[in-house]
Amino acid sequence: MLKLDIGIQFPGFRLDISEELSGGLETVLFGPSGAGKSTCLRILAGLETRAKGRILFNDEVWQDSGNGMFVPPHHRAATLVFQDGRLFPHMNVAANLRYGITRSRGRSGIDWDEICKSLDLFPLLERRTQNLSGGERQRVAIGRALLAAPKLLLLDEPLSALDSARRNEILFNLRGLINRHQIPVIFVSHQTDQLLRIGSTALHISRGKVIGRDWPGRREKRFTLSAQVSGRHPDGLAICSIGGDSVLAVAPAPVEVGDKVQLSFDVNDLILAFSNPGGVMAAGSFQGVVQSIRMTSGTGGCRMRISCDGGEFSIHHPVELPRTDAKGPEIHVFSARPARVVVIGEDPNRIADTDMAE
Amino acid sequence: MMGEFGSVYVTLKLAFASTFGLMVIAVPLAWWLANTRNRIKPVIEALTTLPLVLPPTVFGFYLLILFSPEFPIGSFWVRVTGETLAFSFAGILMATVLHSLPFVVQPLQNAFESVGKGALEAAATLGARPLDAFRSVAVPLARRGFLTAAVLGFAHSVGEFGVILMVGGNIPDRTRVISIDIYTSVETLDYAKAHILSAGTLVFSFIALLSLYIINRGWRGRVQGL
């Protein structure tokens with residue numbers, strides 16, 4: 001968990017961010033260039049000595065200006081991957097990768113072979129850093145940061161120099177690594193990246209302020225759940241299973257029975273029922289558990305957080321829910337239209353780079 | 001007595017000792033100058049560059065005054081060693097170090113500035129303490145600056161004349177360096193000795209500078225990966 005209440009002022013620029021990040025492993029800071037995203041990462045890493053405020057990471061205080069406390073970057077177990085990589089020009093790739101290992105302050109158990117394989121670094125090890133391409137540099141920089149065994153990984157536009165196929169593959173492998181080792185990550189992205197959207201918390205930053213806590217536009221009306229392909233529908237749709245229930249889904253790329261997929265749903269397609277009405281004609285249905293119901297101030301509606309076998313999502317209901325309707329925590333979810341397959345399986349080359357906005 | 005060429009011995013001893021002293025003082029000073037945002041930075045920069053523009057006689061004159069037992073440095077030296085700082089080897093060593101300072105500080109400062117903050121920040125976020133980052137990143141990236149600084153410091157110490165004459169006089173085997181020896185030889189019409197010492201100094205200086213440029217060129221090629 002990361003709690004921050006930070007501020008910094010440059011001539012003509014002011015940043016004030018107060019947030020508590022306790023959700024999933026991935027957080028994406030996005031917004032226009034010059035919004036203060038990179039500055040925010042620099043403050044977290046401890047590179048901005050002029051920053052004021054408090055930073056609390058799990059039970060460690062990294063900064064508390066009120067009490068004159070400032071933990072220097074080498075004592076924070078946060079590693080920042082700079083946009084330009086910042087590889088050491090006097091060392092080859094292998095020496096760059098090794099730099100953080102001997103100096104790691106955090107966890108151990110991140111394996112050399114695992115990192116080199118995931119990021120495809122083996123062919124680069126003996127190369128000098130000067131003749132690496134932009135994408136190769138970024139991969140080495142990410143590997144170097146991970147090998148330093150950080151407790152928090154900060155990535156400043158880490159994939160900007162990669163072409164899209166390579167980008168999908170590296171992001172996929174990077175996610176595998178951070179999930180396996182449970183390393184929280186904060187990405188900075190100026191593009192509202194399709195792939196970054198999935199499974200991450202978003203902070204929309206503009207002019208040094210957080211102006212939104214979700215992905216912008218229509219896309220926030222969608223959410224994703226994981227499912228498994230269980231069959232093919234004669235219409236060409238994939239039949240997917242979420243906890244044993246069936247959901248039809250449009251698959252833009254061919255899928256096979258047994259494939260693990262990520263399904264994207266439109267909240268406007270959903271109908272919820274607290275007890276099973278039976279005989280509902282829907283493109284999909286599955287069961288979930290209501291985790292929380294929160295009245296939304298002003299609009300008279302409420303926001304429900306629902307978990308199911310495929311993951312969690314939240315949905316806004318425009319009418320206040322009479323408490324008597326909530327018989328129990330179980331809820332039946334029906335989708336009027338088929339869902340869409342957005343990521344296929346664990347093979348990164350089979351990512352269906354679908355425009356979820358249609 | 002060291003014989004006829006005692007001045008060569010004094011000069012080499014002076015040059016090695018002062019190069020060592022220069023590096024000890026100039027490395028932290030140049031590092032500080034390259035990284036500080038302190039308001040007094042221009043003052044320190046001006047002070048270290050002063051020997052470059054002052055006539056050696058002016059510089060030497062003030063040092064001579066400073067070294068006299070009426071001033072703290074001079075009296076301290078007399079108390080500790082029993083002899084005066086002026087007209088001693090220690091005196092000309094101190095004078096040479098101070099007078100050569102800009103030749104060593106400036107290449108180092110330039111080199112440290114060109115290393116830039118980027119690589120050091122990367123090192124810090126990877127867990128390197130400041131001294132570790134300095135040793136493992138700044139020094140290797142600034143090695144051309146180190147070489148240039150050491151060679152210039154050494155060569156300038158070898159060529160020191162005016163300041164040593166003012167502070168150290170012309171005492172054989174103690175403060176008589178090659179440059180003063182040449183001057184004295186010419187004054188006493190010993191042209192043969194002046195020729196030998198001059199030619200030796202010329203050849204030595206040329207070789208020192210030549211090796212500096214050759215080594216620097218090799219390093220530049222390696223760093224750019226050509």
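Residue numbers begin at 1 in each chain, while the letters A, B, ... track the order of the sequences.
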| message | With a 6.0 Å cut-off (strictly less than), is the heavy-atom count around CZ of B:Phe20, excluding the residue itself, greater than 12? | response | no

| said: Working to the nearest 0.5 angstrom, can you tell me the gap between A:His90 NE2 and B:Leu141 CG? | reply: 5.0 Å

| Heavy-atom neighbours of A:Arg180 CZ exceed 12 at 6.0 Å | yes

| Quick one: CZ on A:Arg103 to OG1 on B:Thr125, what's the gap to the nearest 0.5 Å? | 12.0 Å

| note | When the 4.5 angstrom heavy-atom criterion is applied to A:Arg42 and chain B, the contacting part is side chain

| Say you draw a straight line from OG of B:Ser136 to OH of A:Tyr99; how long is it, rounded to the nearest 0.5 Å? | 2.5 Å

| said: Donor-acceptor check, side chain of A:His75 to backbone of B:Gly127, threshold 3.5 angstrom: yes or no? | reply: no

| message | Taking atom CZ as the centre, does B:Phe206 end up with more than 12 heavy-atom neighbours from other residues, nucleotides or ligands that are less than 6.0 angstrom away? | response | no

| message | Counting only heavy atoms from other residues, nucleotides and ligands, does the tally under 6.0 Å from CZ of B:Phe134 exceed 12? | response | yes

| Do other residues, nucleotides or ligands put more than 12 heavy atoms under 6.0 Å from the CZ atom of A:Phe13? | yes

| query | What's the shortest heavy-atom distance between B:Leu126 and A:Ala148, and which atoms? | reply | CD2-CB, 3.8 Å

| message | Heavy-atom count check: over 12 atoms from other residues, nucleotides or ligands less than 6.0 Å from B:Tyr62 OH? | response | no

| Can you tell me how far CG of B:Leu131 sits from NE2 of A:His74, rounded to the nearest 0.5 angstrom? | 10.5 Å

| B:Lys117 side, atom NZ; A:Arg86 side, atom CZ - distance, nearest 0.5 Å | 10.5 Å

